[in-house]
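So the structure is just underneath, and the comments pick up after that.
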Protein chains: 2
Amino acid sequence: MSVRIDETDRKILVELQRDASQSLDEIAARVGSSKTPVWNRIRKLKGAGIIGQQTVLLDAEALGFEATFFVLIRTSEHEAEWQKHFLKALRDRPEVQEAHRLAGDIDYILKVRVKNARAYDAFYQALISEVRVYNVTALLSMEEIKSTTMLPLDALAEN
Amino acid sequence: MSVRIDETDRKILVELQRDASQSLDEIAARVGSSKTPVWNRIRKLKGAGIIGQQTVLLDAEALGFEATFFVLIRTSEHEAEWQKHFLKALRDRPEVQEAHRLAGDIDYILKVRVKNARAYDAFYQALISEVRVYNVTALLSMEEIKSTTMLPLDALAEN
DNA sequence: CCTGAAAACTTACTAGG
DNA sequence: CCTAGTAAGTTTTCAGG
């Protein structure tokens, strides 16, 4: 479960986050090591689950996903059965890119990516017909100022 | 700018989103084509900017990022100068993973990933000392129910 | 935990239908 | 737009310090 991440591991993770298509030689050069040790460390980090999915980020707008909504949900239901059903509904809907259970006043927040406002409405109608929710506020994004999957690993540098 | 995405392109994008470490042969087999055409299409899609960064997703919790906040910001400032400054501050802070300008009542939403509540407070203090904002609400995530970067490309299947 | 080398595989490109 | 072929590059494994 717990793997000690040393400075070299951290640098490797920084490089892989930045550009996972680099060759081992490139990564090794950047982190000041060589091929085999870097390969062994990456294997260890994958095995430990620190390194997960390798993916490409696509241009959502160019592909016709022109609307992003953040959805704030309040519910009066707090039974286990209801929650199980609700979480499954979220996981099964591919337009839900993120879903978090929150502390406090608002119970859940979703990030929903759809083609347009009409597609959002279809999503919303389907969701509320599937599970009872008390109050829903949709926030429409006008502009994506920043979007990154990179963790700020610099924050770990002094460990 | 605009590239026509056909059914084969769409399937290639689905595969690359799912697992970008697959070889051309694997992808070709899955989409029902062969190496060279797939290679040419990927090159075209990269050139057009449809395919962007290739990255790995890391286990944030295992790396000690135990707190995620969604931050709702209202501001009274709407001058170009203020906005430019604010956007730069967001882009420069690595703990801000997402930032959107919104329509309506709330002006901005951020997703902020930090080690703990103390680190969030440090971020918050730094931000409000740099730019004037009228009202800030922080929503603390208790549980990440779902998190994906994958676009629901199935929605494009019938085009 | 490292270096260095070798085998297997993959990518990037070309020629030709 | 495809199939087939190939040279260069890359990953993966392993022997040895």
Side-chain angles (χ1 to χ4, degrees), chain A residues 1-59 62-64 149-150 153-154 156-159, chain B residues 1-59 62-64 149-150 153-154 156-159:
Chain A
M1 197 73 219
S2 87
V3 178
R4 229 185 49 251
I5 303 293
D6 70 10
E7 192 53 21
T8 303
D9 290 329
R10 195 184 64 75
K11 287 182 184 162
I12 291 170
L13 295 175
V14 168
E15 285 306 317
L16 286 175
Q17 284 199 107
R18 201 176 57 72
D19 179 4
S21 74
Q22 292 173 95
S23 73
L24 281 174
D25 274 331
E26 280 178 285
I27 296 169
R30 285 180 195 278
V31 308
S33 182
S34 57
K35 235 163 37 170
T36 308
V38 170
W39 190 82
N40 285 325
R41 283 161 181 273
I42 290 175
R43 163 194 271 250
K44 174 195 74 183
L45 292 163
K46 284 184 175 158
I50 306 279
I51 297 176
Q53 193 186 18
Q54 182 164 335
T55 191
V56 293
L57 304 181
L58 304 181
D59 182 333
L63 289 165
T149 60
M150 288 170 68
L153 297 174
D154 307 4
L156 309 174
E158 54 278 0
N159 293 1
Chain B
M1 199 73 217
S2 87
V3 177
R4 228 184 52 251
I5 303 292
D6 70 10
E7 191 53 20
T8 303
D9 290 330
R10 196 185 63 76
K11 286 183 186 163
I12 291 169
L13 295 176
V14 168
E15 284 306 317
L16 287 176
Q17 284 199 106
R18 201 177 56 74
D19 179 5
S21 74
Q22 292 174 94
S23 72
L24 281 174
D25 273 330
E26 280 179 286
I27 297 168
R30 285 180 194 278
V31 307
S33 180
S34 57
K35 236 164 37 168
T36 309
V38 170
W39 188 80
N40 284 323
R41 283 160 182 273
I42 290 174
R43 162 196 269 251
K44 174 195 73 185
L45 292 163
K46 283 185 177 160
I50 306 279
I51 297 176
Q53 193 187 17
Q54 182 164 334
T55 190
V56 293
L57 304 183
L58 304 181
D59 182 333
L63 289 164
T149 59
M150 290 170 65
L153 298 173
D154 307 4
L156 308 174
E158 54 279 359
N159 293 2

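The sequence lines fix the lettering, A, B, ..., with proteins before strands; numbering per chain opens at 1. In this text the structure is predicted, and so the values were computed from the model without any measurement.
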* To do: Take I12(A) and I51(A) through the side-chain contact (heavy atoms from CB on, under 4.5 Å) test and state the conclusion after the steps.
  => CA-CA 11 Å; I12(A) 291 170; I51(A) 297 176; 5.5 Å; no

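Atom CD of E7(A) is separated from atom P of dC1(C) by 16 Å (rounded to the nearest Å). Note: CD (Q22(A)) to C1' (dG9(D)) measures 15 Å, nearest angstrom. Between the CD1 atom of I42(A) and the P atom of dT13(D) there is a distance of 13 Å, given to the nearest Å. Regarding K35(B), its NZ atom lies at a distance of 14 Å from the C1' atom of dC2(D), rounded to whole Å. Here dC2(C) presents its C1' atom at 10 Å from CG of N40(A), a figure rounded to the nearest Å. One atom, CH2 of W39(B), and another, P of dC2(D), lie 14 Å apart when rounded to the nearest Å. The distance from atom CD of E26(A) to atom P of dT10(D) is 7 Å, rounded to the nearest whole Å. In this structure, K46(B) atom NZ and dA12(C) atom P are separated by 7 Å, rounded to whole Å.
For dC1(C), neither phosphate oxygen OP1 nor OP2 lies less than 4.0 angstrom from any side-chain nitrogen or oxygen of R41(A).
Side-chain atoms of T55(B) come within 3.5 Å of backbone atoms of Q17(A) as a donor-acceptor pair (strictly under, hydrogens ignored). A distance-only check finds no donor-acceptor pair linking the side chain of Q53(A) to the backbone of D19(B) [under 3.5 Å]. The main-chain N or O of Q54(B) is never found under 3.5 Å from a side-chain atom of Q54(A) such that the two would form a donor-acceptor pair. Remark: the backbone N or O of R30(A) is not paired with any side-chain donor or acceptor of E15(A) at under 3.5 angstrom.
Here dC2(C) is the nucleotide among dC2(C), dT11(D), dT3(D) with the atom lying nearest to any side-chain atom of P37(A).
The closest side-chain heavy-atom distance from L153(A) to L58(B) is below 4.5 Å. I5(B) places a side-chain heavy atom less than 4.5 Å from the side chain of L45(B).
Counting non-hydrogen atoms under 4.0 angstrom, L24(B) reaches the backbone sugars and phosphates but no base.
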Considering only nitrogen or oxygen atoms on both sides, find all protein atoms under 3.5 Å from nucleotides 15-17 of chain D and state each distance.
none

